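Below you'll find the structure, written out as structure tokens, and then a few comments.
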Amino acid sequence: MEKIIETQVLVIGGGVTGTGIARDLCLRGFDVVLIEKKDLNAGASGGNHGLLHSGARYIASDPEAAVECNSEIRILKKMAGHCIQRTGGLFVAVRGDDENYIADFPGLCDRAGIPFEAVSVRDAIKLEPVLSANLIAAYQVNDASINPFKISIENMNDAVSRGARYLSFCKLESFDMEKKKIVRANVRNQVNGKAFQIQAQTYINASGAWAGYIAQMADISIPMVFSKGTLLVTSRRLARHVINRLRKATDADILVPGGVVSILGTTSLRVDHPDNIHPTVDEVDYIIDQGAQMIPMLATCRYVRAYSGVRPLVSAGGDDDRNVSRGYTLMDHERDGVDNFITITGGKLTTFRLMAEKTCDRVCEKLGVDAACQTEVIPLPATRSGEWSEPGIPHGGFKEFKASGDAILCECEMVPASAIDSIINSICKDKGTPDLSSIAVRSRVGKGPCQGAFCSVRILSHMYQTGQMSDTSGIQELKKFLNERWKGEHALLWDQAIVQSSIKEMIHCGVFGLELEK
Amino acid sequence: MNLKNNATISCDLLVIGSGIAGMVAAARAASLGLDTVLTGSSSGFFLTSGLLDFLGVYPVESSQVLESPFNGLDQLRKQNPDHPYSKIDNKTILESLDFTARILSSGGLEYSSAKNTNVNILTSAGTFKPSFLVPQTMIKGSSIGSGKKKILLADFKGLKGYSAALIAQALKRRHMDVTTVTIQVPQLTGDFNVMRMAALFEDDAFLHRTAKQIESSVQDREILGLPAVCGIHNSQDSMKKLENLTGLDCFEIPGLPPSIPGLRLKNAFETHILKNKVRVFNNVKVAFTAFENEQILFTTDGEPFRTQIAAKGVILASGRFPGRGLAAHREVIRETVFDIPVYHPQQRSLWYQLDFFSPQGHPVNRAGILTDSDFRPVDKTCQPLCENVYAAGSILAHNDWTRLKSGAGVSCVSAFCAVNHFHARKKIK
């Protein structure tokens with residue numbers, strides 16, 4: 001007999017929207033289960049700039065989204081300040097950029113109510129010396145950067161502390177349907193292979209780019225379009241502000257500070273399927289060449305890795321995916337003949353809270369519950385387990401750890417053994433299975449210049465030494481983790497990065513011969 | 001050796017690069033009576049396992065681990081006529097490996113091989129790696145492969161990146177009889193350093209305390225595996241003492257850098273070549289200036305003092321990317337001393353495979369310098385660039401040593417042969 005879990009609401013998808021919904025629902029008093037086929041932020045939530053838009057980017061293409069961004073960024077700064085860096089933003093144009101767009105910018109901002117300030121070219125370069133000498137216009141706006149992993153971790157932590165259950169590596173396989181309703185979700189644990197069922201009153205599809213596949217299980221068709229975006233991470237932070245290219249939104253025109261690094265992107269490439277995507281050499285070179293027009297140093301600086309995400313877009317026809325609305329899509333599938341099923345997809349990181357609010361409002365309506373949204377007024381608590389996802393933070397605490405006899409397992413990002421232990425504890429508390437990949441999601445491990453060459457073995461050894469791992473899967477675990485890192489490395493190996501990757505190969509293939517292990 | 005401003009140093013042979021190839025080249029040159037200068041940095045030794053591989057896997061596509069390197073060598077030569085081993089006969093290969101073992105012995109470090117066969121060495125990842133010349137402190141570990149030994153694995157509390165439990169699990173997967181013990185090291189607290197750990201093994205009191213801690217775990221065990229940190233300057237003695245104290249055969253297990261066996265290897269090479277009057281300029285980079293009057297001229301680079309070096313011949317053993325012999329740019333790979341053309345897959349999109357652990361290896365790992373049969377770098381028309389410039393070691397093209405397990409072997413053999421060729425040519429003159 002398969003195990004059955006009962007709950008009021010089942011949320012499918014552990015990205016920033018799903019975790020945001022879980023927390024919102026808990027604050028309104030619902031009983032919630034969230035299932036995720038991989039781990040937190042495995043999709044677009046983990047594959048983006050970490051940028052909170054002031055809205056200025058969308059003033060021309062999508063004024064409605066611009067207004068939403070402007071209002072959400074204010075709320076998030078108040079409610080989740082510990083996940084946000086108030087970097088401010090710049091919009092800059094260089095010689096050759098569309099002068100009409102530049103001229104229209106202030107008026108469009110005014111119309112959307114987006115605060116901005118004109119800055120002289122000289123002052124802009126003073127603010128950000130990395131900017132090109134070919135600058136012709138600059139405006140300051142209220143952009144900010146957010147740590148997308150931290151916000152999801154904290155949302156889920158808060159939801160769990162309020163009674164929600166988070167089931168990672170649990171994949172939805174099918175729905176059991178009866179009379180215009182989903183009666184059960186059939187789920188399989190991807191780690192131990194065991195199947196179980198979840199019975200809920202309402203089912204929420206928050207699976208981002210996979211929303212079409214989930215809806216299909218209830219015989220509902222959603223015309224999804226998959227737009228792959230690739231981003232590059234520099235080895236150190238190049239600028240204090242978010243720097244946007246002042247032109248119609250296109251490729252490789254935003255540089256966002258993310259703690260101690262900067263993130264450059266993105267591209268927009270139509271793909272057939274949201275799985276198994278990775279950055280390519282052509283994308284990397286294109287992004288660098290484009291970005292260097294705005295910030296020349298981008299042509300010569302060192303990059304530590306690249307990554308890709310797939311934007312979940314709901315198609316309205318047409319070819320250019322940048323014209324597909326970046327606004328979100330909330331679908332109550334009552335209209336499709338399934339009464340207790342809601343899909344929320346599309347949208348953007350900046351508006352995740354609003355998307356969650358609107359989704360939960362609909363849940364309340366459907367279940368006849370009178371409970372107002374609280375995420376606008378109750379701040380998101382900061383927990384210890386979210387802390388290690390923050391770049392740069394551990395550096396300040398290094399002395400303290402050294403003194404307490406705590407070995408640094410990841411030397412690039414200064415993550416000590418005690419941090420690994422606390423992350424493992426929190427994964428176990430969520431009934432997850434700690435492994436290198438799940439630790440990496442919750443910390444900076446493997447994200448520094450060595451890209452896991454040393455820390456992978458150190459952490460694995462530590463887990464065996466402390467009994468947190470005790471089976472024969474160690475070698476496979478190591479290979480899996482390093483190959484995942486490799487996806488983000490292989491396209492940008494030259495200069496110093498190829499030295500580092502050669503050393504990684506010397507160790508793991510030359511010495512350990514891991515390529516010979518089946 | 002000190003460098004003086006504006007001085008000119010003349011020599012028969014300048015060896016550029018202080019890795020295994022550079023060291024063997026310098027030793028060989030000295031043994032032939034050549035006046036030799038060695039430059040470069042030997043810090044790369046910290047990244048080596050201390051094992052000297054010859055040819056461990058062939059064909060790589062089928063992950064065929066070779067019982068003897070000679071089982072794969074003929075096929076390799078047939079399929080890959082540009083591989084460095086294709087330029088040398090078996091007798092000379094064995095001669096050069098034997099030469100390497102002898103100079104290391106003269107430097108105080110014993111290496112042995114198992115009658116022309118590979119030896120499978122347990123690593124700290126729990127894998128077995130085929131190698132050829134093996135340090136005395138590791139050789140006994142080759143006996144556990146049979147699966148009949150009762151093994152005890154020890155680790156040290158606080159020594160990062162090494163876990164006896166991890167290795168034990170991998171051995172259990174191979175149905176081996178293995179138990180573990182963790183040794184406390186009160187001297188070392190917090191985030192401690194591998195060098196300090198290794199230095200402790202040179203202290204008898206530490207060895208006694210260690211043996212004492214192992215005592216209760218010995219029981220029916222026959223052989224003891226330890227991380228490869230058992231002493232820096234007299235590891236062989238330390239191991240013997242530990243064997244006497246525990247009553248067990250002992251062997252070291254190589255693992256994550258910084259590598260102590262690599263440091264010992266460097267020390268042994270340096271001891272030998274300094275004894276044999278090679279002039280060693282540590283951490284000195286040279287910049288090529290000109291070919292002049294049958295001499296090749298260099299200046300030292302990045303030093304407060306500039307010294308000119310005038311050499312009759314050069315062995316370019318500057319390594320690949322980590323050694324800075326090759327430099328990769330977004331579009332092209334360049335050789336850093338002479339700007340010799342580098343063979344490599346043209347577009348960067350062809351350099352790497354999507355699977356890091358792809359058995360056939362990444363195409364860029366076959367990049368490097370093409371040479372004639374005497375190991376002289378050639379230009380696009382396959383003519384030697386200069387009569388007396390030779391290349392040796394990992395900078396040579398068509399040798400993906402991480403997959404073939406051929407790193408040290410190609411270094412020793414190509415260095416040995418390149419120097420022989422230079423010497424022969426010089427004699428004729």
Side-chain angles (χ1 to χ4, degrees), chain A residues 278 280-282 284-285 288 401-409 416-417 454 457-458 460-465 467 469-475 478-479 482-483 485-487 489-491 493-495 497-518, chain B residues 47-49 51 53 56-57 60 63 65 123-130 155 157-158 160-166 169-170 172-173 182 189-192 254-257 320-322 324 327-330 347-349 351-359 361-362 364-365 401-403 405 407:
Chain A
H278 58 84
T280 64
V281 168
D282 289 346
V284 163
D285 284 355
I288 292 173
F401 285 109
K402 186 109 178 160
S404 67
D406 197 356
I408 304 293
L409 297 184
F454 291 83
V457 181
R458 293 203 192 111
L460 203 61
S461 299
H462 174 76
M463 290 172 76
Y464 273 99
Q465 254 175 339
M469 212 168 156
S470 57
D471 60 8
T472 58
S473 65
I475 288 172
L478 187 57
K479 285 184 77 170
L482 290 172
N483 242 344
R485 290 281 98 203
W486 183 245
K487 274 192 201 167
E489 266 180 282
H490 76 279
L493 296 179
W494 63 88
D495 283 352
I498 204 171
V499 172
Q500 208 89 43
S501 76
S502 300
I503 290 172
K504 176 147 108 178
E505 205 175 345
M506 278 169 80
I507 298 169
H508 293 278
C509 298
V511 179
F512 293 151
L514 289 180
E515 82 281 9
L516 301 169
E517 297 292 317
K518 291 284 168 301
Chain B
L47 299 171
T48 65
S49 61
L51 296 164
D53 302 349
V57 180
V60 289
S63 302
V65 176
T123 76
S124 72
T127 55
F128 284 88
K129 170 198 154 85
D155 58 15
K157 181 131 184 32
K160 291 191 286 189
Y162 182 95
S163 159
L166 184 156
Q169 283 303 327
K172 280 178 187 161
R173 219 170 89 174
T182 295
T189 51
D191 201 21
F192 72 74
L256 210 59
R320 301 176 65 78
F321 305 117
R324 316 277 170 184
H329 306 278
R330 261 167 76 191
Q347 298 145 340
R348 209 173 79 246
S349 56
W351 289 6
Y352 286 103
Q353 313 227 29
L354 199 53
D355 176 10
F356 180 60
F357 295 106
S358 149
H362 303 288
V364 75
N365 291 344
W401 66 265
T402 67
R403 293 300 189 279
K405 316 299 167 201

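Sequence lines set the chain letters: A, B, ... in the order given, protein chains first and strands last, and positions in each chain run from 1. Keep in mind that what you see is a predicted model, and the values were worked out from it rather than measured.
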Got a donor-acceptor contact below 3.5 angstrom from the B/K160 side chain to the A/V457 backbone? no
Find out whether [X] and [Y] are in side-chain contact, i.e. whether some heavy atom of one side chain is under 4.5 Å from a heavy atom of the other.
X	Y	result
A/K518	B/S63	yes
B/L166	A/M463	no
B/Y352	A/L493	yes
A/V281	B/W351	no

Can you tell me which portion of [X] sits under 4.5 Å from chain B's heavy atoms? Options are side chain, backbone, both or neither.
X	result
A/H462	neither
A/I475	side chain
A/S470	backbone
A/I288	side chain
A/D471	backbone
A/W486	side chain

Hey, which of [options] has the most heavy atom pairs under 4.5 Å with chain A?
options	result
B/T402, B/N365, B/D155	B/T402
B/P254, B/P322, B/S49, B/P130	B/P322
B/Q169, B/R324, B/H362	B/Q169

Exercise: identify the closest heavy-atom pair between [X] and [Y]:
X	Y	value
B/G255	A/V511	O-CG1, 4.4 Å
A/Y464	B/S163	CB-OG, 3.3 Å
A/G510	B/W401	CA-CZ3, 4.1 Å

Pick one of side chain, backbone, both or neither for [X], based on which atoms fall under 4.5 Å of a heavy atom in chain A.
X	answer
B/K172	neither
B/V60	neither
B/S124	both
B/Q353	backbone
B/A170	side chain

Using a cut-off of under 4.5 Å for heavy-atom pairs, which of A/I503, A/V284, A/T472 has the most such pairs with chain B? A/T472
Given the options A/T280, A/L514, A/D282, A/L478, which has more heavy-atom pairs under 4.5 Å with chain B than any of the others? A/L514
Please report the C-alpha distance between A/L516 and B/K129 in whole Å, then the side-chain angles of each, then the deciding distance to 0.1 Å, and finally whether the side chain to side chain contact (heavy atoms under 4.5 Å, CB included) criterion is met. CA-CA 9 Å; A/L516 301 169; B/K129 170 198 154 85; over 6 Å; no
Could you walk me through whether A/E517 and B/T127 pass the side chain to side chain contact (heavy atoms under 4.5 Å, CB included) check? CA-CA 8 Å; A/E517 297 292 317; B/T127 55; 3.5 Å; yes
Under the side chain to side chain donor-acceptor pair (under 3.5 Å) test, which residues partner A/D495, sequence neighbours left out? none
Under the side-chain contact (heavy atoms from CB on, under 4.5 Å) test, residues paired with A/K504 that sit two or more places apart: A/Q451, A/A453, A/L482, A/R485, A/E489, A/H508, B/F356
